[in-house]
Engineer: 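Dropping the structure in here first, questions after.
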Amino acid sequence: MWGTDSDGFARSSDVVRFIVDYAAEIEAPVYTGVEVTSLSPGEGNGGYAIETTNGPINAQHVVIATGPFQRPLIPDFGRAIPLVVYQTDTSHYRNAAELPPGSVLVVGTGNSGCQIADELLHSGLRVLLAVSRHRRGPRRYRGKDLMWWLEKLGSFDLNVDTFANRRYPPSIIHTGVNGGYDLDPRRLGNSGVRLAGRVIGASGDTLGFADNLEGLIAAADQSYEDFIQAAEKLADTLEIGSELGQVHELAPRPPLGVEGFCTLNLRDENIRTIIWANGFGYSFDWVKLPILDADGAPVQRQGVTACPGIYFLGLHWMHTFGSGILPFVGRDAAYLADHIDRLGH
Ligand SMILES: Cc1cc2nc3c(=O)[nH]c(=O)nc-3n(C[C@H](O)[C@H](O)[C@H](O)COP(=O)(O)OP(=O)(O)OC[C@H]3O[C@@H](n4cnc5c(N)ncnc54)[C@H](O)[C@@H]3O)c2cc1C
């Protein structure tokens, strides 16, 4: 989705231009290359003291918008893996040519993991993929892009509080490469990628995997069918329903033509690279305020924290699915602006 074109894809230069234009339009003083090194209670005035690499600032209100994906979550057992194996993560991966020769294990089947595994496969490398929770949906359905359907289905408005313990569902995997197409770990498996379940440990040259591959694939199949059902139900109610493309008959699920494995010898498999694509955590050691939980994650409701005047914005699933993506973050921003305005400082 880009601008008003729900089928459009933005290039990184489009996004940069959008942000530069936006800064110019609102005439905000923008300081680039400045790091906030500490945020703590101010002295006396009830505000906050901010230390930066450009000197101190005092503020009554602080919106922490430092991004949803701050620190790759590489498990501790990664340190037990022999140094001969090059370990990297999705934020550092650039392309297949930069990897050492040999097979590659990609850990995790969010969008990044699936897209990287797909790219490596197309580059001719031997790829192994540790599958994790994921959902699937068609890149295009009845002539419309997945994003169009998700918006019409209200998916971006789904409130995180509707899920038990705020445990929101995993991402729907797809790709925008070459105009976009569906991604499916099963299809990758049937095209030669070796599949396993979650990585659960490492000891010397051996990696252990959970025996949950089939369950993960089945749950993703179900999510795909749920999407089609919901889309069809919605299509019946849409004014433009008759203009949509033909109903897709659900093709029978191809069999999972590969057998998962529970242990893997890195040396025997000639695995020279592991790409951790298992998600990101937060990195708020510079925040000296009681607004983080025991894991260092923000404690907030729609961006509002227990410290008056301190807010978060742009976190993944902060309030809704839309909170962490560019077209919808404005709704949370407007809510916070209103909140700050009502405080009247
Ligand atoms: C692989 C990937 C694909 C994505 N695809 C899409 C997509 O297709 N569509 C979409 O809408 N969204 C997509 N997103 C999400 C999108 O990137 C984020 O929603 C967006 O970047 C969030 O913007 P932000 O400004 O909140 O955070 P960021 O873009 O992460 O910016 C945060 C900034 O804060 C800075 N910062 C951090 N700590 C400090 C500090 N202490 N002091 C000063 N500065 C600090 C960081 O250096 C960074 O510049 C994708 C994300 C990823 C990782």
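None of these values were measured; they are calculated from a predicted model. Counting starts at 1 for both ligands and their atoms, following the listed order.
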Engineer: Kindly say whether Gly78 contributes a backbone atom to a donor-acceptor pair with the side chain of Gln87 at under 3.5 angstrom?
Structural biologist: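 Flag set: sc Gln87 to bb Gly78 pair under 3.5 Å.
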Engineer: For Thr52 and Asn54, run side chain to side chain donor-acceptor pair (under 3.5 Å): C-alpha distance rounded to whole Å, both residues' side-chain angles, the deciding distance at 0.1 Å, then the answer.
Structural biologist: CA-CA 5 Å; Thr52 83; Asn54 200 31; 5.4 Å; no
Engineer: Can you tell which of Phe280, Phe69, Phe284 gets a heavy atom nearest to atom 51 (C) of ligand 1?
Structural biologist: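 Result: the heavy atom closest to atom 51 (C) of ligand 1 is in Phe69.
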Engineer: Apply the hydrophobic cluster definition, ILVMFWY joined by side-chain contacts under 4.5 Å directly or through others, and give me every member besides Ile26.
Structural biologist: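 Besides Ile26, the hydrophobic cluster comprises Tyr22, listed by chain and residue number.
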Engineer: Give a yes or no on whether the backbone of Gln300 and the side-chain of Thr305 come within a donor-acceptor separation of less than 3.5 Å.
Structural biologist: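 Not a single qualifying donor-acceptor pair exists.
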Engineer: Identify which of Asn111, Thr90, Thr66 has a heavy atom lying nearest to atom 32 (C) of ligand 1.
Structural biologist: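 Minimum heavy-atom distance to atom 32 (C) of ligand 1 goes to Thr66.
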Engineer: May I ask you to list the atoms of ligand 1 that are less than 4.0 angstrom from any heavy atom of Val34?
Structural biologist: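 In order of number, 43 (C).
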Engineer: Using modelled atom types and a 3.5 Å cut-off, is there a donor and acceptor pairing between side-chain atoms of His61 and backbone atoms of Ala59?
Structural biologist: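 Looks like no, no N/O pair under 3.5 Å.
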Engineer: What atoms of ligand 1 come within less than 4.0 Å of a heavy atom belonging to Pro327?
Structural biologist: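 It comes down to these atoms of ligand 1: 11 (O).
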Engineer: Does Pro68, backbone or side chain, put an N or O under 3.5 Å from an N or O of ligand 1?
Structural biologist: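 Looking only at distances, the answer is no, because the N/O contact criterion of under 3.5 Å is not met.
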Engineer: With heavy atoms under 4.0 Å as the rule, classify the contact between Val329 and ligand 1 as side chain, backbone, both or neither.
Structural biologist: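 Contact part for Val329 vs ligand 1: neither.
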Engineer: Look at atom 26 (O) of ligand 1 and find which of Ala277, Ala10, Gly67 reaches it with the closest heavy atom.
Structural biologist: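 The nearest heavy atom belongs to Gly67.
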Engineer: Would you say the side-chain atoms of Asp293 pair up with the backbone N or O of Asp295, donor to acceptor, closer than 3.5 Å?
Structural biologist: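 A pair under 3.5 Å: yes.
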Engineer: From the options Gly176, Ser112, Ser323, select the one whose nearest heavy atom is closest to atom 1 (C) of ligand 1.
Structural biologist: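 Selected option, by shortest heavy-atom distance: Ser112.
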Engineer: Of Gly314, Ala65, Gly324, which has the heavy atom at the shortest distance from atom 25 (O) of ligand 1?
Structural biologist: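 The residue whose heavy atom sits nearest atom 25 (O) of ligand 1 is Ala65.
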Engineer: Tell me who clusters with Val84, hydrophobic residues only, linked when side chains sit under 4.5 Å apart either directly or through other members.
Structural biologist: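 Its cluster mates, by chain and number, are Ile74, Phe77, Ile81, Val85, Leu105, Val107, Leu128, Val199, Leu207, Phe209, Phe261, Leu264, Leu266, Ile271, Ile274, Trp276.
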